[in-house]
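Both ligands and their constituent atoms are indexed starting at 1 by order of listing. In what follows, every heavy atom counts, from backbone to side chain, and hydrogens, waters and symmetry copies are set aside.
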Amino acid sequence: MKITVAQGDGIGPEVMDAVLEIFGKAGVPLQYERVPMGREVVLAGDRTGIGESARRSVESTGILFKGPMETPKGGGYKSINVTARKLWGAFANKRVYRTFHGVPTPTGVRDLNLTMVRENIEDTYGAVEHMQTHDVAQCRRFITRPGSEQVHRYTFEVAARKGARRVTCAHKANIMKLTDGLFLEAFYDVAKEYPEIQADDVIVDDLAMRLVLDPTEFEVVVLPNLQGDIITDLVAGLVGGLAYAPSANIGDGICIFEAVHGTAPDIVGKDLANPTALLLSGTMMLRHLGLVEHAAAIETALEQVLRQMHKRPDLGEPIPAFRTSVFTERMLAAIDAVHIPDNPIPRLEIPPRTEPAMRVTPEPKQTRLRGVDVFLESGLPPKRVEEQLNGLGGWLKLTMISNRGTQVSPIGSRYTDCVNHYRARFETEGPVSQHEIVAQLGAVGERFRLCGAEWLREIDGAPGYSLAQGQG
Ligand code: NAD
């Protein structure tokens with residue numbers, strides 16, 4: 001079976017060569033279609049860093065095994081890694097964190113085997129950002145029911161395969177009641193399909209502290225994208241650093257396996273790059289392809305080699321400097337000593353795709369328009385903005401004004417510092433049409449520079465927008 005390999009930039013070629021040599025020694029029955037991706041593709045004029053040949057190859061093999069890639073700074077370049085995940089619909093990022101005997105950990109944690117799944121597409125990672133005024137930048141955060149259900153279902157499947165008894169959902173639904181609230185609601189909906197697994201949740205800041213105190217408390221954790229990005233690197237630190245953090249980006253058809261670390265420009269060509277993270281990403285890939293025996297044998301060899309290569313403070317032994325070449329030699333020797341039974345030749349069915357799949361859940365029984373939040377630019381104080389908005393007339397009533405998310409009218413505090421960006425909420429008790437809302441926007445636009453608008457909808461009787469102080 002063929003997979004696509006892109007060695008990447010910086011230390012990418014060093015660690016990829018080491019890993020493929022180890023795979024070769026272990027008799028991994030895969031062929032590698034090598035494609036250019038990353039810096040050289042960007043320099044050749046393709047701003048995505050993913051050339052046509054890589055696209056074609058990945059879409060035919062279904063597997064991309066990649067080294068780290070450099071995203072050029074500034075100039076509007078998007079991260080190649082984020083682009084690849086989105087391009088190929090890799091909706092879940094799975095990271096397995098294990099401690100290895102001999103690898104020093106800052107908190108002395110031992111026997112950790114923690115799986116974290118991060119939603120990989122949504123949240124603020126669409127990078128839908130706008131300057132609302134010259135002083136105010138905004139980023140839109142998308143959390144969707146189909147996207148959340150997809151990542152939660154994958155997480156429970158992973159937990160079931162791992163034999164885990166518990167899955168924990170991390171979130172910030174105490175503050176972001178609609179976005180994180182939807183992520184959490186979808187989690188408990190999906191959990192009903194897995195009654196044999198205990199489902200619980202934790203607020204993400206509490207999770208951060210508890211992971212540092214005792215990460216072995218958790219078995220499988222699922223998180224939204226941004227929170228997951230941060231917390232998973234924290235756990236990488238707990239198991240000894242980025243050199244021990246592998247990852248798999250899982251899609252319905254295409255999966256990408258890569259180390260969490262970057263191109264490590266400070267150690268390129270110095271024989272200092274540790275291939276462990278890429279090797280562990282590789283064994284995740286072998287398991288994904290059903291090459292379980294090869295994965296287990298390589299990991300057994302890795303455990304032995306890491307034990308030899310790291311300091312033994314308990315025995316007062318000196319710390320040998322990590323050398324990529326020494327690591328690779330020792331891995332090749334250790335694999336020689338491990339028996340690897342034959343695996344069946346792997347096969348991968350990639351569901352054919354001719355156009356994007358629509359993921360829409362059944363519609364609610366009733367949705368009703370209630371009004372609109374209008375975002376406008378003004379350097380005037382709240383009272384003056386209120387006076388002008390009240391003078392507009394119209395079908396909808398001004399019910400609230402806020403600034404930076406803090407209510408400033410009709411109630412407010414004289415200690416609130418304001419910027420030149422207001423949200424004015426217009427509502428009505430009775431039904432209101434989209435046409436009337438657009439008319440209201442037009443009226444506000446006569447007096448103020450408009451920055452944006454959000455429709456206020458009631459969905460099956462519940463407000464589909466955050467309530468202001470004193471509302472509800
Ligand atoms: P980095 O992960 O490259 O390096 C951080 C530190 O960790 C450095 O001191 C480095 O020497 C060390 N390190 C990382 N991997 C190591 C390994 N395998 N062995 C030994 N030491 C290792 O992060 P950075 O410096 O912030 O980013 C450098 C470049 O990598 C940037 O261009 C960034 O865009 C890119 N990047 C790519 C990926 C990816 O391709 N998945 C991920 C992160 C960063």
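Between His152 and Phe183, a ring centre-to-centre spacing shorter than 6.0 Å is recorded. Ring centroids of Phe156 and Phe187 are separated by less than 6.0 Å, placing the two rings close together. Aromatic ring centres of Tyr422 and Phe375: separated by at least 6.0 Å.
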Practice task
Might you work through the salt bridge (charged side-chain N to carboxylate O under 4.0 Å, His left out) test for Lys172 and Asp205, ending with a clear yes or no?
Solution key: CA-CA 8 Å; Lys172 195 72 191 168; Asp205 35 334; 3.3 Å; yes
Practice task
Carefully, step by step, assess Asp214 and Arg210 under the rule salt bridge (charged side-chain N to carboxylate O under 4.0 Å, His left out).
Solution key: CA-CA 6 Å; Asp214 180 14; Arg210 283 161 63 180; over 6 Å; no
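With rounding to the nearest 0.5 Å, the separation of CG in Asp233 from NE2 in His261 is 11.5 Å. For the atom pair CZ (Arg449) and CD (Gln132), the distance works out to 12.5 Å, reported to the nearest 0.5 Å. Separation of atoms CG (Leu306) and CE (Met331) is listed at 8.0 Å; rounding is to 0.5 Å.
Under the 4.0 angstrom criterion, atom 8 (C) of ligand 1 counts as having a protein heavy-atom contact. For atom 34 (O) of ligand 1, the protein comes within 4.0 Å by at least one heavy atom. Put simply, atom 26 (O) of ligand 1 has no protein non-hydrogen atoms near it, under 4.0 Å away.
For Arg166, the CZ atom is densely surrounded, since the number of other residues' heavy atoms within 6.0 Å is greater than 12. A 6.0 Å sphere centred on CZ of Arg287 holds more than 12 heavy atoms belonging to other residues, nucleotides or ligands.
At the shortest separation from atom 39 (C) of ligand 1 among protein heavy atoms lies Asn81 ND2, 3.1 Å. Distance from atom 22 (C) of ligand 1 to its nearest protein heavy atom, with residue and atom name: Ile267 CD1, 4.0 Å. The protein heavy atom nearest to atom 41 (N) of ligand 1 is Glu258 OE1, 3.3 Å. Among protein heavy atoms, the minimum distance from atom 14 (C) of ligand 1 is reached at His261 CB, 3.7 Å. Of all protein heavy atoms, the one closest to atom 11 (O) of ligand 1 is Asp266 OD1, 2.8 Å. In terms of protein heavy-atom proximity, atom 32 (O) of ligand 1 is nearest to Glu70 CG, 3.5 Å.
Under the 30°/60° scheme for interplanar angles, the aromatic rings of Phe65 and Phe23 are found to lie parallel.
Comparing heavy-atom distances from atom 3 (O) of ligand 1 across Gly67, Ala264, Ala273 singles out Ala264 as nearest. When the heavy-atom distances from atom 2 (O) of ligand 1 to Ala6, Gly262, Gly12, Gly38 are ranked, the shortest goes to Gly262.
Heavy atoms of Val260 come nearer than 4.0 angstrom to ligand 1 in at least one pair. Ligand 1 has Leu242 within reach: a non-hydrogen atom of the residue lies less than 4.0 Å from it.
Every atom of ligand 1 with a heavy atom of Lys66 under 4.0 Å away is listed here by number and element: 40 (O). Numbered from 1 in the order shown, with element, the atoms of ligand 1 that lie under 4.0 Å from a heavy atom of Met69 read 35 (C), 36 (N), 37 (C), 39 (C), 40 (O). Close approach of ligand 1 to Thr71 is summarised as follows: ligand atoms under 4.0 Å from at least one heavy atom of the residue are 32 (O), 34 (O).
With a 4.0 Å heavy-atom cut-off, ligand 1 is reached by the backbone of Thr263 and by its side chain too. Contacts between Asn274 and ligand 1 below 4.0 angstrom, taking non-hydrogen atoms only, involve backbone and side chain alike. Proximity of Pro265 to ligand 1, defined as any heavy-atom pair under 4.0 Å, is confined to the side chain (atoms from C-beta onward).
Residues Ile11 and Pro68 come closest through the heavy atom pair CG1-CG, 4.5 Å.
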